[in-house]
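Notes to accompany the following structure.
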Number of protein chains: 2
Amino acid sequence: MNIGEASKQSGLPPKTIRYYEDRGLIAPPARAENGYRDYNDTDVHKLRFVRHSRGLGFSVDECSQLLSLYEDKGRQSADVKVIAQKHLTEIDEKIRELQELRSTLHHLVNTCQGDGRPDCPILEGLANPS
Amino acid sequence: MNIGEASKQSGLPPKTIRYYEDRGLIAPPARAENGYRDYNDTDVHKLRFVRHSRGLGFSVDECSQLLSLYEDKGRQSADVKVIAQKHLTEIDEKIRELQELRSTLHHLVNTCQGDGRPDCPILEGLANPS
DNA sequence: CTTGCCCTTCTAGTCACTGGAAGCTTATAT
DNA sequence: ATATAAGCTTCCAGTGACTAGAAGGGCAAG
């Protein structure tokens with residue numbers, strides 16, 4: 001199947017599929033006689049795996065590791081868990097940062113009248129943060 | 001004062017200060033006789049303003065707008081509030097996405113034994129998400 | 001005088017794509 | 001049969017917000 005069909009079935013844009021090939025994430029597929037990439041169901045399956053992994057915020061490198069483990073029938077689930085756990089910790093950290101930031105910003109927005117006058121606690125807060 | 005001192009007082013790396021100048025965020029400062037950038041307290045004050053704005057996650061373009069409003073004594077606080085409110089909405093959205101993602105990942109991590117066996121619900125979940 | 005740090009500019013790399021150009025091949029419509 | 005459109009190929013460049021590094025000049029202390 002051509003890259004367009006693989007794109008439809010995997011949910012990844014053709015550009016992204018080629019990019020993943022360049023990055024070494026997905027092995028180069030077979031080529032048809034006309035030079036077009038020729039994907040099979042296994043290729044598509046892996047592309048979907050990568051899409052879901054990326055969707056959960058794993059980096060492309062992490063996806064590469066996960067995909068290797070997925071294909072390694074002798075893997076240890078502990079190796080997978082380490083990667084996932086590390087990522088989970090990073091997400092938790094990111095959420096905490098965003099919530100703190102949100103709290104500060106929310107406070108600033110709430111104290112600003114938002115009218116035609118120039119007095120603005122938001123700008124004051126940015127200039128002289130507490 | 002040289003860029004190094006402005007860096008210390010503003011909390012921004014010299015490279016970043018030059019980058020902001022390139023981006024048109026901060027007007028080019030005076031130059032000393034030796035060609036070095038020569039910052040004054042007002043410059044540093046603006047740099048600090050930008051640092052705090054960026055710290056709250058405003059984009060460089062948004063920082064540019066906020067800084068213009070900060071310097072415009074005839075501004076309307078409503079203009080500021082619109083920018084901040086929009087950013088707040090984006091942060092809320094980002095937090096929601098991350099929390100959903102976290103929930104899925106947390107579930108996967110929790111159901112994985114993480115031992116020497118190859119069976120791994122994380123990989124299964126990535127291959128066949130529900 | 002030389003060592004070492006600070007300053008200058010410019011280029012290029014990061015991450016994960018995405019857009020576009022130029023040139024094939026294939027499918028569809030007339 | 002032909003015109004056109006869509007799909008494929010490669011390669012180059014741009015995104016955001018820096019950051020690293022190279023090559024060169026300035027300046028104070030030992």
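Sequence lines set the chain letters: A, B, ... in the order given, protein chains first and strands last, and positions in each chain run from 1. Values reported hereafter were calculated over all heavy atoms of this structure, with side chains retained and with hydrogens, waters and symmetry mates removed.
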Using a cut-off of 6.0 Å, state whether more than 12 heavy atoms not belonging to D22(A) lie near its atom CG. yes
Steps toward side chain to side chain contact (heavy atoms under 4.5 Å, CB included) verdict (L126(B), Y70(A)): CA-CA 9 Å; L126(B) 290 172; Y70(A) 182 60; over 6 Å; no
Following the transitive rule for hydrophobic clusters with a side-chain heavy-atom cut-off under 4.5 Å over Ile, Leu, Val, Met, Phe, Trp and Tyr, establish whether L67(B) and L69(B) coincide in one cluster. yes
For atom NZ of K8(B) and atom P of dC5(C), their distance in whole Å: 13 Å
Output the rounded distance in Å from OH (Y39(A)) to P (dG7(D)). 16 Å
Indicate whether OP1 or OP2 belonging to dT19(D) is found under 4.0 Å from a side-chain N or O atom of T16(B). yes
Roughly, in whole Å, what's the span from CD1 in I17(A) to P in dT10(D)? 13 Å
Each nucleotide N or O in nucleotides 24-26 of chain D that has a protein N or O under 3.5 Å away: list the pair and distance.
unit_1, atom_1, unit_2, atom_2, d
dG25(D), N2, Y36(B), OH, 3.1
dG26(D), O4', Y36(B), OH, 3.2

Return the residues of residues 52-62 of chain B meeting this criterion: a heavy atom under 4.0 Å from some atom of DNA chain D. Order them by number, or give none. R54(B), S59(B), V60(B)
dT9(C) phosphate, OP1 or OP2, under 4.0 Å from R31(B) side-chain N/O: yes
Around E100(A), counting heavy atoms of other residues, nucleotides and ligands shown, do more than 12 lie under 6.0 Å from its CD? no
Rounded to whole Å, how long is the line connecting atom OH of Y19(A) with atom P of dC8(D)? 21 Å
Under the criterion side chain to side chain contact (heavy atoms under 4.5 Å, CB included), I'd like the reasoning laid out for D38(A) against R31(A): C-alpha separation, chi angles, the key distance, then a yes or no. CA-CA 5 Å; D38(A) 188 14; R31(A) 293 281 177 152; 5.9 Å; no
Assert: residue with more 5' nearest nucleotide on DNA chain C, out of N2(B) and K15(B), is N2(B)
Gap between atoms CE and C1', on M1(B) and dC27(D) respectively (whole Å): 19 Å
When you check the phosphate oxygens OP1 and OP2 of dT8(C), does a side-chain N or O of R37(B) lie under 4.0 Å from one of them? yes
Which of these, K8(A), Q9(A), R37(A), sits in a side chain to side chain contact (heavy atoms under 4.5 Å, CB included) with M1(A)? Q9(A)
For the pair made of CD1 in I3(B) and P in dC27(D), what is the distance, rounded to whole Å? 16 Å
Rounded to whole Å, CZ of R18(A) lies from P of dG19(C) at a distance of 13 Å
Examine the side chains of D119(B) and S77(A) and answer whether a donor and an acceptor come within less than 3.5 Å of each other. no
Measure CG/L25(B) against P/dC18(D) and give the value in whole Å, please. 9 Å
Among V109(A), T104(A), N110(A), which one satisfies side chain to side chain contact (heavy atoms under 4.5 Å, CB included) with H106(A)? N110(A)
Can a side chain N or O of Y20(A) be found less than 4.0 Å away from OP1 or OP2 on dC17(C)? yes
If I compare all heavy atoms of G125(B) with all of L108(B), which pair ends up nearest, and what's the gap? CA-CD2, 4.0 Å
